[in-house]
A.B. asks: 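Dumping the structure here so I can ask a few things about it.
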Amino acid sequence: MIDTTQAAYLLGICPQRVRQLLKEGRIQGAEKVGRFWRIPLYNGMPKIVPGSRGPQGSWRKQPSKSLTHIYLNEEILHKNQQNHTTDPVITVKRGNRDINCHYVEISGPSRLVYRPESPKNGGATLWIEVEPNVEVVTKVFGQY
């Protein structure tokens, strides 16, 4: 059993959308205990009942199999130093999605990798790898 935040991470959608699906009774086996939802997993994923109207849902149907990679974007870091700005310098790559942020929280095992002989796209030689089933929370802070 998982909560709405964990379900949102597994499905690749926002927690608000998960709560909307719960309200509509479209997440199979979900139950509310006090103020919190408990969502069961079927083959590692919450099971969503298809809606009767509108387009097909765009959430992840199977657990992700690709690693999450976390990089420091040196180009933005140097621009921030020169221009006295605070643009997000951390890039989190999940599959084909890139998220730029100021803060990353990894809720499980990860590893720091240095491979100068085989850099990643964009030339990164140092990165953090996180297994697909580990939740990675990102945040962007306002200008300070």
Side-chain angles (χ1 to χ4, degrees), residues 1-24 26-33 35-51 54-144:
M1 297 291 247
I2 58 172
D3 63 17
T4 55
T5 304
Q6 294 165 323
Y9 177 78
L10 288 173
L11 294 166
I13 58 177
C14 67
Q16 292 85 354
R17 178 66 177 139
V18 171
R19 286 191 284 276
Q20 183 180 21
L21 292 168
L22 288 164
K23 183 179 177 184
E24 295 170 3
R26 291 182 51 198
I27 299 183
Q28 187 174 331
E31 61 183 7
K32 197 166 188 178
V33 179
R35 293 178 29 214
F36 303 99
W37 284 96
R38 303 304 302 157
I39 302 168
L41 297 179
Y42 301 92
N43 295 327
M45 295 291 287
K47 188 170 186 179
I48 300 179
V49 177
Q56 185 176 3
S58 60
W59 46 79
R60 193 178 295 133
K61 310 292 189 270
Q62 298 177 15
S64 176
K65 293 178 177 76
S66 61
L67 294 172
T68 298
H69 292 94
I70 303 169
Y71 309 95
L72 177 65
N73 189 324
E74 290 186 55
E75 185 178 320
I76 296 174
L77 181 65
H78 293 305
K79 283 182 184 177
N80 282 348
Q81 290 172 340
Q82 290 173 349
N83 301 331
H84 304 290
T85 56
T86 57
D87 294 333
V89 297
I90 302 169
T91 301
V92 178
K93 185 165 185 63
R94 294 182 187 147
N96 61 356
R97 248 176 81 190
D98 288 350
I99 301 167
N100 293 320
C101 59
H102 291 106
Y103 171 91
V104 176
E105 183 177 324
I106 303 167
S107 302
S110 60
R111 60 191 152 272
L112 185 61
V113 179
Y114 175 60
R115 304 254 334 249
E117 72 283 357
S118 61
K120 292 284 185 190
N121 293 347
T125 58
L126 181 67
W127 61 87
I128 297 172
E129 286 182 349
V130 184
E131 293 296 324
N133 60 339
V134 174
E135 184 177 7
V136 177
V137 177
T138 60
K139 292 184 183 171
V140 176
F141 302 132
Q143 298 295 325
Y144 39 93

A.B. asks: Please identify each residue that fulfils side chain to side chain donor-acceptor pair (under 3.5 Å) with Glu74, with sequence neighbours left out.
C.D. replies: none
A.B. asks: Sequence neighbours excluded, which residues qualify as salt bridge (charged side-chain N to carboxylate O under 4.0 Å, His left out) partners of Glu135?
C.D. replies: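 Applying salt bridge (charged side-chain N to carboxylate O under 4.0 Å, His left out) to Glu135 gives none.
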A.B. asks: Any side-chain heavy-atom pair from Val92 and Val136 closer than 4.5 angstrom?
C.D. replies: yes
A.B. asks: Can you name the residues that form a side chain to side chain contact (heavy atoms under 4.5 Å, CB included) with Glu31, not counting sequence neighbours?
C.D. replies: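 Side chain to side chain contact (heavy atoms under 4.5 Å, CB included) list for Glu31, sorted by chain: Met1, Val33, Arg38.
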A.B. asks: Does the side chain of Thr68 reach to within under 4.5 Å of the side chain of Ile128, using non-hydrogen atoms?
C.D. replies: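 Not touching, per the 4.5 Å side-chain cut-off.
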A.B. asks: For Gln28, enumerate each residue passing the side chain to side chain donor-acceptor pair (under 3.5 Å) test, keeping only those at least two apart in sequence or located in another chain.
C.D. replies: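 Side chain to side chain donor-acceptor pair (under 3.5 Å) check on Gln28 returns nothing, list empty.
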A.B. asks: Is the shortest heavy-atom distance from the side chain of Arg26 to the side chain of Lys47 under 4.5 Å?
C.D. replies: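 Result no, sub-4.5 Å side-chain heavy-atom pair not found.
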A.B. asks: Is there a side-chain contact between Trp127 and Ile70 in this structure, where contact means two heavy atoms from C-beta onward sitting under 4.5 Å apart?
C.D. replies: no
A.B. asks: List the atom of Leu67, the atom of Pro132, and the distance in Å for their closest heavy-atom pair.
C.D. replies: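 The pair with the smallest heavy-atom distance is CD2-CD, 4.0 Å.
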A.B. asks: Check whether any side-chain heavy atom of Cys101 lies under 4.5 Å from a side-chain heavy atom of Lys139, and answer yes or no.
C.D. replies: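 Result no, sub-4.5 Å side-chain heavy-atom pair not found.
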A.B. asks: Within a strict 4.5 Å, meaning less than it, do heavy atoms of the Ile99 and Thr91 side chains meet?
C.D. replies: no
A.B. asks: Can you tell me how far apart CG (Asp3) and CD (Gln6) are? Round to the nearest 0.5 Å.
C.D. replies: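 One gets 4.0 Å once the value is rounded to the nearest 0.5 Å.
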A.B. asks: Tell me, please, which residues at least two apart from Ala124 pass side chain to side chain contact (heavy atoms under 4.5 Å, CB included).
C.D. replies: Tyr71, Lys120
A.B. asks: Is any side-chain heavy atom of Val140 less than 4.5 Å from a side-chain heavy atom of Asn100?
C.D. replies: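 They are not in side-chain contact.
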A.B. asks: Using 4.0 Å as the upper bound for N to carboxylate O, is an ion pair formed by Lys93 and Glu129?
C.D. replies: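 So Glu129 does not pair with Lys93 through a salt bridge.
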A.B. asks: Please identify each residue that fulfils side chain to side chain contact (heavy atoms under 4.5 Å, CB included) with Phe36, with sequence neighbours left out.
C.D. replies: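 Phe36: no side chain to side chain contact (heavy atoms under 4.5 Å, CB included) contacts found.
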